[in-house]
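Worksheet: one structure, shown below.
In this text, all values refer to a predicted model and were calculated from it rather than measured experimentally. Letters go in sequence order (proteins before strands), and every chain restarts at 1.
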Protein chains: 4
Amino acid sequence: MTTTAPSASAGSTQPGTPEHWVLTLSCPDRAGIVHAVAGALAEHGGNITESQQFGDAETQLFFMRVQVESTASREELVAALEPLAETFSMSWRLDVVGRPVRTLVLVSTAAHCLNDLLFRQRSENLPIDIVGVVGNHRDLEPLTEFYGKEFHHIPVSKDTKAEAEARLLALVRELDVELVVLARYMQILSDDLCHELEGQVINIHHSFLPSFKGAKPYHQAHDRGVKLIGATSHFVTGDLDEGPIIEQDVERVDHTRTVEDLVALGQDVERRVLARAVRWHAEHRVLLNGHRTVIFR
Amino acid sequence: MTTTAPSASAGSTQPGTPEHWVLTLSCPDRAGIVHAVAGALAEHGGNITESQQFGDAETQLFFMRVQVESTASREELVAALEPLAETFSMSWRLDVVGRPVRTLVLVSTAAHCLNDLLFRQRSENLPIDIVGVVGNHRDLEPLTEFYGKEFHHIPVSKDTKAEAEARLLALVRELDVELVVLARYMQILSDDLCHELEGQVINIHHSFLPSFKGAKPYHQAHDRGVKLIGATSHFVTGDLDEGPIIEQDVERVDHTRTVEDLVALGQDVERRVLARAVRWHAEHRVLLNGHRTVIFR
Amino acid sequence: MTTTAPSASAGSTQPGTPEHWVLTLSCPDRAGIVHAVAGALAEHGGNITESQQFGDAETQLFFMRVQVESTASREELVAALEPLAETFSMSWRLDVVGRPVRTLVLVSTAAHCLNDLLFRQRSENLPIDIVGVVGNHRDLEPLTEFYGKEFHHIPVSKDTKAEAEARLLALVRELDVELVVLARYMQILSDDLCHELEGQVINIHHSFLPSFKGAKPYHQAHDRGVKLIGATSHFVTGDLDEGPIIEQDVERVDHTRTVEDLVALGQDVERRVLARAVRWHAEHRVLLNGHRTVIFR
Amino acid sequence: MTTTAPSASAGSTQPGTPEHWVLTLSCPDRAGIVHAVAGALAEHGGNITESQQFGDAETQLFFMRVQVESTASREELVAALEPLAETFSMSWRLDVVGRPVRTLVLVSTAAHCLNDLLFRQRSENLPIDIVGVVGNHRDLEPLTEFYGKEFHHIPVSKDTKAEAEARLLALVRELDVELVVLARYMQILSDDLCHELEGQVINIHHSFLPSFKGAKPYHQAHDRGVKLIGATSHFVTGDLDEGPIIEQDVERVDHTRTVEDLVALGQDVERRVLARAVRWHAEHRVLLNGHRTVIFR
């Protein structure tokens with residue numbers, strides 16, 4: 001694990017007004033980390049409002065998320081934290097609590113997840129800023145525009161896939177996108193794109209992974225006669241349906257349910273699970289621990 | 001599907017006192033079944049207290065469970081139902097509501113499922129009669145005897161497996177066992193035994209099947225970083241962990257949980273799921289629909 | 001319980017094409033009801049696809065819901081059922097499976113329940129036809145119109161309440177409304193209106209009733225320090241928050257949650273619970289049993 | 001809030017072997033607490049393995065739980081923490097992780113909660129030491145003795161209540177009891193006893209409080225027609241059923257359930273909820289925040 005420069009993000013710089021900061025970090029576990037970090041924050045008059053730590057006995061890694069109110073500027077805090085980051089070989093990130101994360105949503109034809117994210121962003125303080133919606137079909141353009149967002153139609157066929165991904169990546173760069181959400185986007189991203197956007201792409205899979213990987217999970221679930229169906233939100237990696245899991249949930253079903261029923265019921269679980277994953281990520285509550293996640297709820 | 005003679009089981013034969021009967025049946029779906037069955041029961045003054053039907057549009061099979069109070073004798077009811085069973089090619093079964101099902105519990109060293117079944121049988125009207133407990137280890141003998149049940153020690157090794165299964169089968173015959181429960185019994189039954197006892201053996205698997213089949217599911221779950229662990233109760237067939245699922249449930253876990261924690265937490269789900277499956281089976285609420293189940297709860 | 005003429009609703013009358021009917025009934029419990037009903041349906045070549053019964057030992061009432069495919073006309077079925085209804089003193093209702101129930105949604109300013117109903121109607125086969133939305137504020141007019149529905153602004157003040165309710169009732173009559181849904185409508189209906197629309201108005205209350213009746217339930221829940229918050233959907237009667245409960249659900253919370261958090265989290269439970277209640281009602285799965293409900297799911 | 005001397009409890013004193021300590025504290029919220037505590041622990045070479053903080057914006061109180069491995073003796077740690085406790089006006093407590101809490105269980109005739117606690121203590125690492133069981137009836141004496149625990153029969157009648165409570169309190173003193181669990185103990189403790197044992201008595205109430213306070217909650221729940229039943233574990237105070245809530249959970253029920261069914265189903269929820277509350281308390285995860293609780297899970 002190497003020292004990582006903190007990406008993002010300017011807080012308000014009005015002197016005297018305290019800003020609410022969130023610091024996340026991970027590093028090899030050893031004595032003194034909490035004390036050192038708390039000390040660096042205390043030096044700048046920071047009052048810790050929320051803090052969680054976790055030491056993984058197996059991987060010997062340490063994870064921390066701390067919210068702190070401080071009148072110090074971003075530069076001052078970074079200057080105070082950088083030496084610690086070096087000493088402890090930290091990956092770290094400093095952001096302002098509640099700052100909306102610039103998010104691009106990718107969709108195909110199913111509306112439930114997109115509708116949910118748009119609605120929650122407007123009405124439930126989901127801290128994301130949906131800077132655009134990309135669809136390989138045009139079905140969800142009206143919904144997108146009703147919420148005042150820009151819709152980008154990027155069709156994908158076997159022949160145009162490379163070109164489509166290039167357009168997508170250009171859009172990510174141009175719109176300064178921090179988070180890409182696959183909201184039932186029925187295309188598989190290429191390995192290159194997965195690698196390029198590692199840790200920034202969240203998918204919703206319509207099964208309780210690792211059960212029913214791949215296509216038509218509700219058909220598989222129906223055929224197996226399971227008594228609960230589920231959904232899984234995970235980071236996208238080159239390994240299809242194998243990325244680190246962020247959140248899962250299930251819904252009870254019974255023998256009377258057809259495949260179509262499962263699909264309809266599943267929409268509820270899918271959107272709930274995806275919304276939670278996106279919220280936790282946008283609130284900097286999700287840290288990577290190898291191929292698993294630490295979630296500081 | 002062929003006509004099946006109703007197995008089990010004598011109701012009280014005091015004339016004039018109504019008995020509470022439960023009839024379960026399945027057959028190819030066609031018009032008139034409910035009417036015919038309700039008619040046969042009505043002829044004997046039977047008052048239907050609970051009734052459920054299900055027609056599977058896919059398999060074209062019809063399933064029914066009906067509870068009826070009637071002063072008719074078992075013989076009279078059988079005589080009334082047999083012609084219908086022939087007409088409609090029914091598999092059927094007539095029993096007395098609440099009659100305890102003669103049950104043999106197989107265990108190894110883990111006590112939680114056995115303890116739960118023994119306790120529920122005594123205190124919660126679980127309608128089973130535990131006629132014996134078989135262990136390949138002696139660890140659970142004291143618990144068994146505290147509840148006044150007989151413990152049979154049948155050790156199993158690679159060399160003695162065939163002999164052990166023969167002893168087991170003999171016990172099943174001798175004790176007139178109707179249901180065998182594998183309560184964390186850490187031995188795999190042979191194909192022959194599975195076949196011999198088909199539809200009469202219920203297992204609890206310590207994962208949310210079909211995830212994490214095979215050995216050490218909690219280790220697999222921990223390694224995959226799932227956010228819910230589960231348990232599955234199913235009928236045992238020759239296909240390991242592939243038998244028809246009766247019940248499943250899950251418990252939320254997070255990144256702080258070690259494998260040992262999952263094992264401990266899982267015990268709660270396992271015993272809950274197994275107890276439900278055994279109860280529903282003993283109440284004749286579980287019908288087979290190919291490799292899936294119909295559960296009339 | 002008196003015999004009730006079946007309200008609703010014309011099925012397709014093309015001769016020869018089977019229609020899928022749903023019959024619901026309740027009456028004093030006695031022997032022979034199932035047989036008689038199944039017989040009347042069988043006479044018209046009806047194939048029963050789903051059927052559930054329940055006899056309440058306490059109230060001595062019997063409840064039944066049956067789906068049947070038949071080529072008979074509505075008139076023929078009514079003619080066959082009316083004599084039974086008289087004999088058994090049934091309240092009954094015959095409708096076509098899946099016929100959208102004409103629904104009026106009442107709202108104030110909170111969008112989550114309305115958004116959910118509009119979305120599910122369009123995308124998830126929720127069998128209602130939203131014939132209009134009434135708001136005492138104009139906030140939800142754009143959302144309503146995006147879904148192509150008509151918005152009626154009926155403001156309510158202390159002085160205009162009687163007049164507003166008269167307008168509402170006129171609208172109910174004019175639009176031939178079968179179901180009124182209070183989707184976080186922050187006005188209390190008068191006793192007269194409750195009586196007038198008895199059994200046709202469904203409300204969502206933002207607490208796990210009977211806890212936290214009345215105003216500001218999330219404030220009450222926060223103050224009491226509960227570990228689960230909930231929502232309750234119920235029929236509206238003159239007794240505020242005391243009508244028959246249709247559905248309830250809960251969400252886990254912890255000590256870190258502020259009242260504002262509970263409000264946001266609660267929105268999820270509210271819309272889920274309301275959607276289920278509306279669906280079951282629209283599918284004729286909800287029957288009244290005094291001040292309680294029978295739900296044939 | 002005044003400074004509280006740390007009660008409990010000697011760790012191993014073998015020099016050189018690190019001990020695993022758990023420190024819990026609460027105090028008025030202000031800057032610098034985490035830094036000061038982490039500093040005091042770091043001075044003694046303590047490695048923090050788990051830590052959680054919470055600042056209640058409403059009550060302006062700060063809560064902290066930290067687990068630390070250190071070779072320092074108890075005396076050394078106390079000496080390091082006492083000045084901080086004074087400076088910050090802390091209530092605090094230092095204990096050894098996993099030390100079994102000396103627990104007295106009070107019962108009447110219902111076995112399910114006692115059976116569960118005895119079983120979990122033996123098989124699931126529930127960190128309590130059940131030093132005795134008190135029953136106002138003798139029904140649970142055999143179960144108690146099967147687990148090798150001493151049973152004390154203290155009958156209670158209207159006339160002997162004062163005397164019975166005196167015997168109970170004497171037993172608490174004599175056995176050095178730290179925690180009293182009311183495991184479906186059907187007697188109401190007097191105000192004096194509640195006061196005497198404040199914060200040390202945990203009860204399980206068989207409803208989802210604050211619904212259905214008082215007697216016969218399942219009857220009340222059945223009559224109200226609720227769709228979920230629940231159980232609540234809480235600290236016992238002089239206000240009956242009003243003490244700070246530790247844990248709650250629910251189970252789905254439907255119209256077919258009789259009161260007797262609710263009682264049986266409820267047993268499952270009750271024992272699960274009580275076991276969690278006892279575990280969290282014994283692991284020092286439960287802190288009082290006025291009439292609410294902070295649970296560091």
* **Region of D/R257 that comes under 4.5 Å of a non-hydrogen atom in chain B** => neither
* Asked: Between B/R271 and D/F119, which heavy-atom pair has the shortest distance, and what is it?
  -> NH1-CD2, 3.7 Å
* Within 6.0 angstrom of D/D139 CG, more than 12 heavy atoms from elsewhere -> yes
* **Under 4.5 Å from a heavy atom of chain D, the part of B/D254 involved** => neither
* Residue D/L265 versus chain B: region with a heavy atom under 4.5 Å -> neither
* From D/R272 atom CZ to B/R272 atom CZ, the distance as rounded to the nearest 0.5 Å -> 4.5 Å
* Asked: In Å, rounded to the nearest 0.5 Å, how long is the span from CD of B/E145 to CZ of D/F146?
  -> 9.5 Å
* **Part of B/R122 within contact of chain D (heavy atom distance under 4.5 Å)** => neither
* To do: Tell me, for B/R279 versus chain D, whether the close heavy atoms (under 4.5 Å) come from the side chain, the backbone, both or neither.
  => neither
* Structure fact -> Per-residue tally against chain B (heavy atom, under 4.5 Å) across D/E50, D/Q267, D/E260 peaks at D/Q267
* Rounded to the nearest 0.5 Å, how far apart are CG of B/D116 and CG of D/D268? -> 7.0 Å
